[in-house]
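Notes to accompany the following structure.
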Protein chains: 2
Amino acid sequence: MPDPPHAVDPVQLGAYFALIEVSGLLRHAIEQQLREAGDLTFVQFQVLMRLDQAAEGSRRMTELADAIVHSRSGLTYQAGRLEKAGLITRTPSPDDERGVTVTITDAGRALIARVLPGHEEVVGRMLFEPLSREDSQKLSDLLLPVRDHMRAAPPRSAAPRRRGAPG
Amino acid sequence: MPDPPHAVDPVQLGAYFALIEVSGLLRHAIEQQLREAGDLTFVQFQVLMRLDQAAEGSRRMTELADAIVHSRSGLTYQAGRLEKAGLITRTPSPDDERGVTVTITDAGRALIARVLPGHEEVVGRMLFEPLSREDSQKLSDLLLPVRDHMRAAPPRSAAPRRRGAPG
DNA sequence: TATTGTTATACTCTATAACTATA
DNA sequence: TATAGTTATAGAGTATAACAATA
């Protein structure tokens, strides 16, 4: 094998480790806050946020699984918890009988509204306190293209290799 | 309700979500690579990296637990796996009989060396491909202060007693 | 008495594979 | 045949609390 085309220099390695540590510490703090404020895991919070932001508060299962990185069975598990808690509903998709449309309930929206202020407080305090408004803008400008790059890239939720591969 | 002291604006919220998604996707890809290349979890990799970078390849248990965000029992569990795999040793600390000094073995260093190229390849491809060298420098400049800020903050490995509801 | 680390335990989450139903 | 989602299952990882040993 020839040299890899994407070697990382020391600066990049440092940025990478900082990214990992920052996101890890942040996530840890956030999970605590969400658990105390609303008995939510971070994954569940993400699901609710996606739904809350979505048109009509609805998304398809696979859409959510892809977005939040889980396997489908993982999302089914989480959806089961959220449904049992009355925070979402699952109904057959109108245009595709195979599909399931997940919708956030009023209780779900209320919970998000209740949890969000404390959530933002934690994020503001931990992540943005040492950053100026300009810095935040820069961070956003740097991360959004990376996110899009990653989204566009290779593997997603399920789908091992048994897809339409070798005939 | 009055505005919280650390409210986040929409730009910041976007940056935060991008950070979470980027680190999540990156970590997911990395875990796959590490598992295939060296049968390592990401946490184990982090432990080995810390030791590899440390003077004499040694750290104390609590030091590692704090750095990598785990509870102590969690680190004990991981250290057990790493020791069983011959990648680290645990010896009583010379200056404090209560303590345990963790040291990376030659095999541990060899494994890091074996795994690192592929690791960097993934990081370079996923994280840095859409960023110029300058961008990477900027990202580093932004994240390192945040990391230090988070490190300086109070909550660490051992969770404080559950008491006193927050405001 | 406080701190370091381990053990026991219980629980959550995740992924794989098999399965059902629809396109 | 391919896709959407669920179920069964099995395994890894985590945190909490109790514990032992040293400071």
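Quick note on labels: first sequence line is chain A, next is B, and so on, each numbered from 1. As the structure is a computational prediction, the values presented were derived from the model and not from experiment.
- Looking at heavy-atom distances under 4.0 Å, T41(A) makes contact with sugar-phosphate atoms alone, never a base.
- Within the 4.0 Å cut-off from OP1 or OP2 of dG5(D), at least one side-chain nitrogen or oxygen of R60(A) is found.
- Within the 3.5 Å criterion, the main-chain N or O of S136(A) finds no donor-acceptor partner in the side chain of S140(A).
- Relative ring orientation between F45(B) and H119(B) is described as tilted, the plane-to-plane angle lying within the 30° to 60° band.
- For dT7(D), its base never sits under 3.5 Å from the side chain of T76(A) at any donor and acceptor pair.
- For the side chain to side chain donor-acceptor pair (under 3.5 Å) condition, the pairs that include at least one residue of residues 103-113 of chain A, sequence neighbours left out, are D52(A)-R109(A), S58(A)-T103(A).
- When rounded to the nearest whole Å, the span between CZ of R27(A) and P of dC13(C) equals 11 Å.
- Distances shorter than 4.0 Å separate none of the side-chain N or O atoms of R90(B) from OP1 or OP2 on dG5(C).
- Put simply, CG on D39(A) is 10 Å from P on dT12(C), counting in whole angstrom units.
- Below the 3.5 angstrom threshold, one finds a donor paired with an acceptor across the side chain of S73(B) and the base of dA15(D).
- Between dT3(C) and R72(B), no contact under 4.0 Å exists linking OP1 or OP2 to a side-chain N or O.
- Residue-level contact check: R81(B) touches the backbone only, with heavy atoms under 4.0 Å from sugar-phosphate atoms and none from bases.
- Put simply, H70(A) has no side-chain N or O that comes within less than 4.0 Å of OP1 or OP2 on dT16(C).
- At the heavy-atom level, R35(B) lies nowhere under 4.0 Å from the strands shown.
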